[in-house]
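So the structure is just underneath, and the comments pick up after that.
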Amino acid sequence: MPDPNYLTPEEVIARYRGQLSEGTLRNWRCMRIGPSFLKIGKAILYPSGELDRWDKSILVICRPARKLPLEKASPPE
């Protein structure tokens with residue numbers, strides 16, 4: 001049974017709903033960018049905690065929309 005604390009590249013691709021390819025992950029590993037990983041022999045494993053940390057590091061923070069005063073928001077009569 002696979003350890004849920006470590007994901008294979010295929011499981012990482014599934015986690016991100018196919019928006020990353022195996023080639024992208026391979027390139028990122030080669031350039032040492034993207035999520036941290038372990039290499040044990042030929043096996044590549046991504047610790048799920050590191051993926052969570054990476055998610056937070058690339059999170060785009062949006063500010064709340066400015067609310068218009070009620071009289072400006074209503075359509076003209």
Side-chain angles (χ1 to χ4, degrees):
M1 179 173 191
D3 186 349
N5 293 320
Y6 296 94
L7 281 69
T8 65
E10 294 79 18
E11 292 168 326
V12 172
I13 292 166
R15 174 182 167 137
Y16 294 102
R17 299 178 180 170
Q19 297 303 304
L20 293 174
S21 69
E22 192 165 347
T24 297
L25 289 173
R26 188 179 316 113
N27 288 337
W28 285 354
R29 287 192 306 269
C30 185
M31 295 187 297
R32 300 292 194 253
I33 62 175
S36 299
F37 63 95
L38 299 172
K39 184 169 183 176
I40 303 170
K42 292 183 179 181
I44 302 294
L45 298 172
Y46 292 88
S48 59
E50 285 296 314
L51 291 170
D52 294 339
R53 183 192 59 75
W54 185 66
D55 289 347
K56 290 178 184 174
S57 76
I58 62 170
L59 182 66
V60 177
I61 305 294
C62 299
R63 57 185 165 89
R66 187 173 55 112
K67 292 184 180 179
L68 293 174
L70 201 51
E71 59 274 0
K72 287 186 181 178
S74 61
E77 293 179 20

What's the shortest heavy-atom distance between [X] and [Y], and which atoms?
X   : Y   : value
G34 : W28 : CA-CE3, 3.9 Å
L20 : I13 : O-CG2, 3.5 Å
L25 : P9  : CD1-O, 3.8 Å
P47 : S36 : CD-O, 3.8 Å
S48 : R15 : O-NH1, 4.0 Å

Look up atom [atom1] in [X] and atom [atom2] in [Y], then write down how far apart they are to the nearest 0.5 Å.
X   : Y   : atom1 : atom2 : result
I33 : T24 : CD1   : OG1   : 9.5 Å
T8  : L45 : OG1   : CG    : 7.5 Å
R53 : I58 : CZ    : CD1   : 10.5 Å

Given the rule that I, L, V, M, F, W and Y join up when any side-chain heavy atoms are under 4.5 Å apart, are I44 and M31 in one cluster?
yes
Donor-acceptor pair, side chain of R17 and main chain of A14, under 3.5 angstrom
no
Using 30° and 60° as the class boundaries, would you call the ring planes of Y46 and F37 parallel, tilted or perpendicular?
tilted
